[in-house]
Amino acid sequence: MTEPILQTRGLSRDFGPFRAVDDLSLTIQKGSITGLIGPNGAGKSTCFNLLTGMLAPTAGQIMLNGQDVTRQRPDQLFSAGLGRTFQIPRPFSRMSVLENVMLAPLNQTGERIVGPFLRRARVHDEEARIRARALEVLDFVTLAPLADHPAGQISGGQMKLLELARVLMGDPELILLDEPAAGVNPTLTGILIGKIEELNRQGKTFVIIEHDMDFVMQHCDPVIALAEGRKVFEGTAAQAQADPVLLDAYLGAMAHG
Amino acid sequence: MIGLLSYAVFFTTVASILAIAVLGLNLQWGNTGLFNGGVVAFFGAGAYGTLILGSAAQPDQFGGFNLFYPAALIGGMVVAGLLAWVVGILTLRLRHDYLAIATFGIAVTFENIMRNAEWLSGGAKGIRGFEQPLRDAFGGGLAYNAAFLAFVVAALIAVYQFLQHLVSSPFGRLLRAIREDEGAARSLGKAPSRVRLTAFITGSVIMGLSGGLYATFYAFVSPQDVLPTLTFQIWAMLIVGGAGNNRGAVLGAFLIWGAWTASGWSLSRFAPIEAQLYTGSIQYILIGSVIVGMLLWRPQGLFPERLVVSQSGKPGATKKQGV
Ligand SMILES: Nc1ncnc2c1ncn2[C@@H]1O[C@H](COP(=O)(O)OP(=O)(O)O)[C@@H](O)[C@H]1O
Ligand SMILES: [Mg+2]
């Protein structure tokens with residue numbers, strides 16, 4: 001499979017005089033698990049914010065499945081099949097874990113104000129189905145026992161898993177994960193990787209920002225490295241490990257910092 | 001005895017009418033996180049709307065539509081909803097604090113228009129509306145007041161049931177998500193602006209119903225009925241009762257209205273004559289202190305919001321938050 005699902009051309013973003021993302025041209029292949037690496041402040045999260053419409057680019061173009069989606073809103077992009085998680089989790093704190101996940105499915109009949117009144121039976125059936133699936137997804141990320149807890153009161157690592165559960169529930173074909181393993185304990189990280197690879201086999205494409213080099217080298221292909229907003233490397237994990245510049249400048253620094 | 005009973009009927013009628021407005025605010029603030037600082041504008045739109053639509057022609061006075069009462073009441077709600085639609089389109093993009101100030105300004109503007117547009121609202125002397133509906137059938141007096149109370153309570157129950165069903169539905173879930181983190185909701189494909197507007201209009205229509213019932217009860221409305229005080233009282237009711245909890249909203253209305261009435265009565269009974277001039281101000285200070293105390297020691301209110309949980313397996317099952 002070498003069909004691009006997402007492409008950017010000359011993507012840039014300024015914060016005042018500071019250029020956080022600089023002339024970035026990326027191609028993400030359908031069915032891949034792309035690793036996005038680089039030191040803190042390299043512009044990785046900003047890049048996700050641009051791709052998902054949460055920030056407007058200063059310049060450049062974004063194509064999703066061949067369509068120009070530059071400047072589309074986040075909700076439009078999610079509907080078009082592009083989901084993401086956040087580096088710092090953003091749970092709906094005063095809602096239960098289960099509700100957080102049940103929110104995600106698109107176009108629920110009961111989301112329109114008249115739905116719950118005029119289409120009671122249909123909303124009821126949909127809710128039953130969404131609830132069952134949400135519990136499955138929570139089970140998948142090992143959060144099922146916490147389904148009834150307020151999402152604001154679970155641990156940071158659990159919040160990262162909740163973010164993943166939410167985005168999976170919406171069923172996008174391309175999923176951007178911002179440091180999914182940060183704060184998640186090693187056992188869960190192992191499970192998480194297993195899940196990502198399973199979903200990948202089912203056809204989902206992933207872009208993963210991750211600092212854990214073992215994680216990236218074992219599970220991501222290709223690997224893209226950013227530094228100061230620019231792309232400084234793109235290649236296979238093996239090439240990344242063999243690249244002396246990358247090794248010195250980033251991998252070494254990251255492995256020790 | 002009859003005196004006490006009459007008073008109880010009167011008190012419960014007014015408290016129930018205000019409880020409806022508190023429920024409307026709870027949909028906006030408690031569920032959606034919209035800070036409406038101008039509740040009284042929508043309450044007033046319902047009150048003036050109902051009386052203007054329902055009364056017979058009067059000299060030099062806009063109106064004379066003489067609508068059948070239920071149509072006038074619904075018309076008042078529509079007027080409140082239209083006002084909310086316009087205000088919502090203009091202000092709902094604002095952040096909390098700006099939204100609060102903008103809506104407060106709209107309420108003050110509304111009061112000023114009602115005070116000055118004599119042709120429309122009767123100006124400072126207000127509008128004397130239509131006689132209370134079905135008054136003759138009950139022969140007036142206590143029997144009528146009890147019947148009117150039953151009508152108001154029925155309206156309160158209907159609004160309560162409507163909102164309970166709404167907030168336990170996917171629509172309610174969407175409102176809470178937008179309240180908690182609008183950006184995260186967007187990233188999950190939700191478009192908050194339309195949902196916020198829908199919640200704002202719906203809450204305002206409920207406030208309009210409250211205003212319409214209030215005006216019907218007194219058969220009169222004047223600018224004195226749409227002062228910022230009322231917004232303040234309705235907020236106090238919601239904060240004390242518990243934002244996000246409809247039961248709390250209703251209870252808060254009864255408690256605060258009770259406290260307000262009781263403090264007024266005690267001051268007129270026991271306070272020195274010189275202090276009685278300031279009864280109103282003293283009441284504000286008391287209620288203000290209750291709000292501040294509540295926010296300090298029990299910010300979630302007497303009846304905290306309940307978490308929607310799954311245990312019973314049926315939608316809408318709830319459990320206390322903070323397990
Ligand atoms: N909203 C913002 N306003 C100003 N500067 C920002 C903003 N977001 C990110 N930055 C800056 O942009 C740079 C890249 O940040 P970020 O994309 O979060 O880096 P990374 O995720 O690679 O660690 C950092 O220097 C950061 O301070
Ligand atoms: Mg980052």
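Just so it is clear, the model here is predicted, and its values are computed rather than measured. Throughout, protein chains are lettered first and strands after them, A, B, ... in sequence-line order, and every chain is numbered starting at 1.
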Can you pull out the residues in residues 182-193 of chain B with any heavy atom less than 4.5 Å from chain A?
->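 If one takes a 4.5 Å heavy-atom cut-off, the residues of residues 182-193 of chain B near chain A are B/G183, B/A184, B/A185, B/R186, B/S187, B/L188, B/G189, B/K190, B/A191.
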
Does [X] have more than 12 heavy atoms from other residues, nucleotides or ligands lying within 6.0 Å of its [atom1]?
X: B/R179; atom1: CZ; value: yes
X: B/Y98; atom1: OH; value: no
X: A/Q67; atom1: CD; value: no

Looking only at non-hydrogen atoms, find the nearest pair between A/A165 and A/V141 and report the distance.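 Heavy atoms of A/A165 and A/V141 come nearest at CB-CG2, 3.9 Å.
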
Requested in this report: Of all the heavy-atom pairs spanning B/L73 and B/F151, show the shortest one and how long it is.
Outcome: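 It is CD2-CZ, 4.1 Å.
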
Segment of [X] engaging chain B (4.5 angstrom heavy-atom cut-off):
X: A/P105; result: backbone
X: A/M102; result: both
X: A/E111; result: both

Salt bridge [X]-[Y], side-chain N to carboxylate O under 4.0 Å:
X: B/E180; Y: A/R94; value: yes
X: A/R129; Y: A/E126; value: no
X: A/K44; Y: A/D178; value: no

Among residues 80-89 of chain A, residues within the sub-4.5 Å heavy-atom range of chain B, in order of number, are A/R84, A/F86

- Query: Of the listed residues (A/G152, A/G53, A/A104), which shares the most heavy-atom pairs with chain B below a 4.5 Å separation?
  - Reply: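 Sorted descending by pairs with chain B, the first entry is A/A104.
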
TODO: Apply side-chain contact (heavy atoms from CB on, under 4.5 Å) to A/D125 and list each qualifying residue two or more places apart in sequence or on a separate chain.
DONE: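 A/D125: no side-chain contact (heavy atoms from CB on, under 4.5 Å) contacts found.
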
Contacts of type side-chain contact (heavy atoms from CB on, under 4.5 Å), residue B/V292, not counting sequence neighbours: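 Checked B/V292 against side-chain contact (heavy atoms from CB on, under 4.5 Å); matches are B/L296.
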
Aromatic contact, A/F117 with B/F171 (centres under 6.0 Å):
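So the answer is no for these two rings.
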
If you count heavy-atom pairs under 4.5 Å between each of B/A199, B/G244, B/P170 and chain A, which one has the most?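 Of the options given, most contacts go to B/P170.
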
- Message: Between A/R122 and A/T109, do the side chains contain a donor N or O and an acceptor N or O under 3.5 Å apart?
- Response: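 Result is yes, a qualifying pair exists.
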
